[in-house]
Undergrad: 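This structure is in structure tokens; I'll ask about it shortly.
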Amino acid sequence: MVAYADLVFVARERGGRVFLADAARATAHAVAVTEGRISAVGHDVSALIGPDTEVVDLDGGLLVPGFQDAHVHPVWGGLDMLRCDLSGLATRDEYLARIAEYAREHPDDEWILGGGWQMSAFPGGTPTAADLDSVLPDRPAFLPNRDGHGAWVNSHALALAGITHDTADPVDGRIERDEAGAPSGTLHEGAMGLVNRFLPVESSERLVEALLQGQRYLHSYGVTAWQDAIVGTEYGDAGDPLPAYLSAAASGALTGRVVGSLWWDRSRGLEQIDDIVRRRDESTIGRFRARSVKIMQDGVAENFTAAMLEPYCDGHGHPREDSGISFVEPELLKEAATRLDALGFTLHFHAIGDRAVRECLDAVEAALVQNGPRGNRHHISHIQVVHPDDIPRFRALDVTANMQMLWATLEPQMVDLTIPFLGDQRSTWQYPFGDLLRSGAALAAGSDWSVSTPNPLAAIHVAVNRRSAPTEWEGDYEPFLPEQAIDLATALVAYTAGSARVNHLDDTGTIAVGMRADLALLDRDPFEHPADEIGLTEVRGTWVEGERVYDTAG
């Protein structure tokens, strides 16, 4: 007696293909799903179609494994969508108009919260309190920028926090100041904490709402699993995403598969490891588990907090005095990495500058010397500036390069605020995806949403073309370091099987018999269209374990 499938994907009149994301980059034309797992892959599964089988026509599209975002913040992204969301705008005047509109629509809000502004919209990347005061004279405002490494505040907020001319910069941040030394309205890195400790903390119910909002948004882009890059810490008013995940996982509302990256508190030392272990042990429910530790080793280049081997330039080719901040002292980082590795944690590093990348690689090397290979699949996110000497170390140390591919392009922030301060040589070391691939490094991919769009196809467009997707930045720029481009199949595998590997979700990420049926159906086959149209590809449907979680029809 034939065991019919629950769900099949087939190519009918308009054709279509299945991209398996395996080592051979093979394709097929049909897939069958039974009880949430893939039961057949081939060219004809008609014998498995029964009276109750759901049949999905590929209709000229490409079926791929569900995308997995290896570095993302869906709770905070969802919260931004529920607040004063500036992410879809681009200019100072647009931001101020939206903030004024939001304030009118929410007259009872004690604070105006939200964010998502671009640094390139303001001279030097630093908006002023005076601008905010013009639309918010009577309520405090705290509005982080799109990368979360700086915040725009008004005079009311500065006064509430007691930030004056005499307030010292914190060791891990900087207060932007005017020519007289008074705070001007932008707070960088740890300086944001001077204000956000006064913000009203969101309720647990609100954070669950934000998580589910973020989850819907990720599913709409074909994302079926992700690694939340900061859980297990109170992060200002946004609170700790961890309880929201545990609540949603326990209720069954969490449809995505999620690995939580427990936060390493840079204000503490090795004594926090016991707390991290306790959180891991208490945080495996349903589709959620916290098995990773996030260590933010530096900041970002645009505000000079990314840790560089050599000093920044002044924009005219001359060296400045500063070379960025290593948030965790390198010897402590080695000891922490060694102990966490021995405990079975995956280390998830944030490293933007070449010094930070080297310090993270050194820490993994120290762990390997002490513990031997343990298969924990450590990874470094962002890898914006990598010294050429460190490229081969990724493979040698089995460290995955966790790429935020969308950023590897010329756009206003890169042109105006990054390249001039990195200098000519160091600018050519940015986002070296091609060199990492050629060196044999393992590749994974993520978006860092809400820093930038979670759309994997927009990011893959950049990885292949080294130019922005048609749906993203405006402006006519040349390809950025085109020798660092990677091919479409490699980029797709990084965003599926590569991220599944760092997430330890070994029964996902590829399409093969026995794997979980976490799938995304694209509205076209990007292999059959010009490379400069990859970013126009959209997601028609998303499935987790064979259950549809997104349908473009609504």
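The model shown is predicted, which means the values in this text are computed figures rather than measured ones. All values below were derived from every heavy atom in this structure, side-chain atoms included, with hydrogens, water molecules and symmetry-related copies excluded.
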Undergrad: Can you confirm whether or not the ring centre of Phe421 sits under 6.0 Å from the ring centre of Phe304?
TA: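 Yes - the distance between ring centres of Phe421 and Phe304 falls below the 6.0 Å cut-off.
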
Undergrad: State plainly whether the residues Arg83 and Asp80 are in salt-bridge range, i.e. N to O under 4.0 Å.
TA: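 No, Arg83 and Asp80 are not salt-bridged.
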
Undergrad: Strictly below 4.0 Å, N to O, side chains only: are Asp275 and Arg268 in salt-bridge contact?
TA: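 Answer for the salt bridge query: yes.
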
Undergrad: Hey, are Arg92 and Asp131 close enough for a salt bridge, meaning a charged N less than 4.0 Å from a carboxylate O?
TA: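 Result for this pair is yes, salt bridge flagged.
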
Undergrad: Ring-plane angle category for Tyr95 and Trp152, please: parallel below 30°, perpendicular beyond 60°, tilted otherwise.
TA: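 Tyr95 vs Trp152 ring planes: perpendicular.
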
Undergrad: Is there any ring pair (Phe, Tyr, Trp, His ring centres under 6.0 Å) pair reaching into residues 167-190, and which pairs are they, with sequence neighbours excluded?
TA: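 Of all non-adjacent pairs touching residues 167-190, none passes ring pair (Phe, Tyr, Trp, His ring centres under 6.0 Å).
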
Undergrad: So, are Arg501 and Asp398 salt-bridged, with charged N and O less than 4.0 Å apart?
TA: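 Here Arg501 pairs with Asp398 in a salt bridge, since their nearest N and O are under 4.0 Å apart.
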
Undergrad: Answer yes or no: is there a donor N or O on one side and an acceptor on the other, between the side chain of Ser120 and the main chain of Leu417, under 3.5 Å?
TA: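 No.
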
Undergrad: Would you call the rings of His73 and His71 parallel, tilted or perpendicular, where under 30° means parallel and over 60° means perpendicular?
TA: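 Perpendicular: the ring planes of His73 and His71 meet at over 60°.
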
Undergrad: Checking Arg291 against Phe345: charged group under 6.0 Å from the ring centre and within 45 degrees of the axis?
TA: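 No, Arg291 does not sit over the ring of Phe345.
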
Undergrad: Show me the pairs that pass salt bridge (Lys or Arg N to Asp or Glu O under 4.0 Å) and involve residues 358-373, at least two apart or across chains.
TA: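 The answer is Arg355-Glu359, Arg358-Asp390, Asp362-Arg393, Glu365-Arg393.
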
Undergrad: Is any side-chain heavy atom of Trp263 closer than 4.5 Å to one of Val231?
TA: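 No, side chains not in contact.
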
Undergrad: In this structure, is the centre-to-centre distance between the rings of Phe122 and Trp117 below 6.0 Å?
TA: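 Yes, ring centres under 6.0 Å apart.
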
Undergrad: Look at the side chain of Asp314 and the backbone N and O of Pro319, then say whether any donor-acceptor pair between them is shorter than 3.5 Å.
TA: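 Not confirmed, Asp314 side chain does not pair with Pro319 backbone.
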
Undergrad: Please report the interatomic distance CD(Glu478) to OG1(Thr409), rounded to the nearest 0.5 Å.
TA: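 It comes to 11.0 Å.
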
Undergrad: Taking only residues two or more places apart in sequence, or in another chain, which ones meet Pro183 in a side-chain contact (heavy atoms from CB on, under 4.5 Å)?
TA: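 By the side-chain contact (heavy atoms from CB on, under 4.5 Å) rule, Pro183 matches Leu158, Ile163, Ile175.
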
Undergrad: What distance separates Asp178 CG from Thr128 OG1, expressed to the nearest 0.5 Å?
TA: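 It is 10.0 Å, given to the nearest 0.5 Å.
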
Undergrad: Would a distance-only check, ignoring hydrogens and angles, find a side-chain to backbone donor-acceptor pair under 3.5 Å from Asp354 to Leu309?
TA: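 Indeed, once roles are kept as given, a pair shorter than 3.5 Å links the two residues.
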
Undergrad: Should Arg206 and Leu79 count as side-chain neighbours, where that means a heavy-atom distance under 4.5 Å?
TA: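 Side chain of Arg206 against side chain of Leu79, heavy atoms only: contact under 4.5 Å found.
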
Undergrad: Ignoring hydrogens and angles, tell me if any N or O in the side chain of Asn154 forms a donor-acceptor pair with the backbone of Ala129 under 3.5 Å.
TA: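 Checking the backbone N and O of Ala129 against the side chain of Asn154, no donor-acceptor pair under 3.5 Å is found.
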
Undergrad: Just checking, any donor-acceptor pair under 3.5 angstrom between side chains of Thr400 and Asn402?
TA: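 There is no such pair (donor and acceptor under 3.5 Å, judged by atom type) between the side chains of Thr400 and Asn402.
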
Undergrad: To the nearest 0.5 Å, what is the distance between OG (Ser155) and CG (Leu132)?
TA: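 Between Ser155 OG and Leu132 CG, I get 8.5 Å after rounding to 0.5 Å.
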
Undergrad: Is there side-chain contact between Val195 and Trp111, with heavy atoms separated by less than 4.5 Å?
TA: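 Contact flag for Val195/Trp111 side chains = yes.
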
Undergrad: Please report the interatomic distance OG(Ser261) to CD(Gln227), rounded to the nearest 0.5 Å.
TA: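 Atom-to-atom, Ser261:OG and Gln227:CD are 4.0 Å apart.
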
Undergrad: Report, as yes or no, whether the 6.0 Å neighbourhood of atom CG on Asp389 holds more than 12 heavy atoms from other residues, nucleotides or ligands.
TA: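 Yes, the 6.0 Å shell around CG holds more than 12 heavy atoms from other groups.
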
Undergrad: Going by an N to O cut-off under 4.0 Å, is there a salt bridge joining Asp169 and Arg177?
TA: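 Looking at Arg177 together with Asp169, the answer is yes, because their closest N to O distance falls below 4.0 Å.
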
Undergrad: Does Arg174 come within less than 4.0 Å of Glu176, counting only side-chain N to carboxylate O?
TA: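 A salt bridge is present here (some side-chain N lies under 4.0 Å from a carboxylate O).
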
Undergrad: Please assess Arg139 against Glu110 for the test side-chain contact (heavy atoms from CB on, under 4.5 Å), listing each intermediate value before the final yes or no.
TA: CA-CA 7 Å; Arg139 278 186 285 174; Glu110 180 184 354; over 6 Å; no

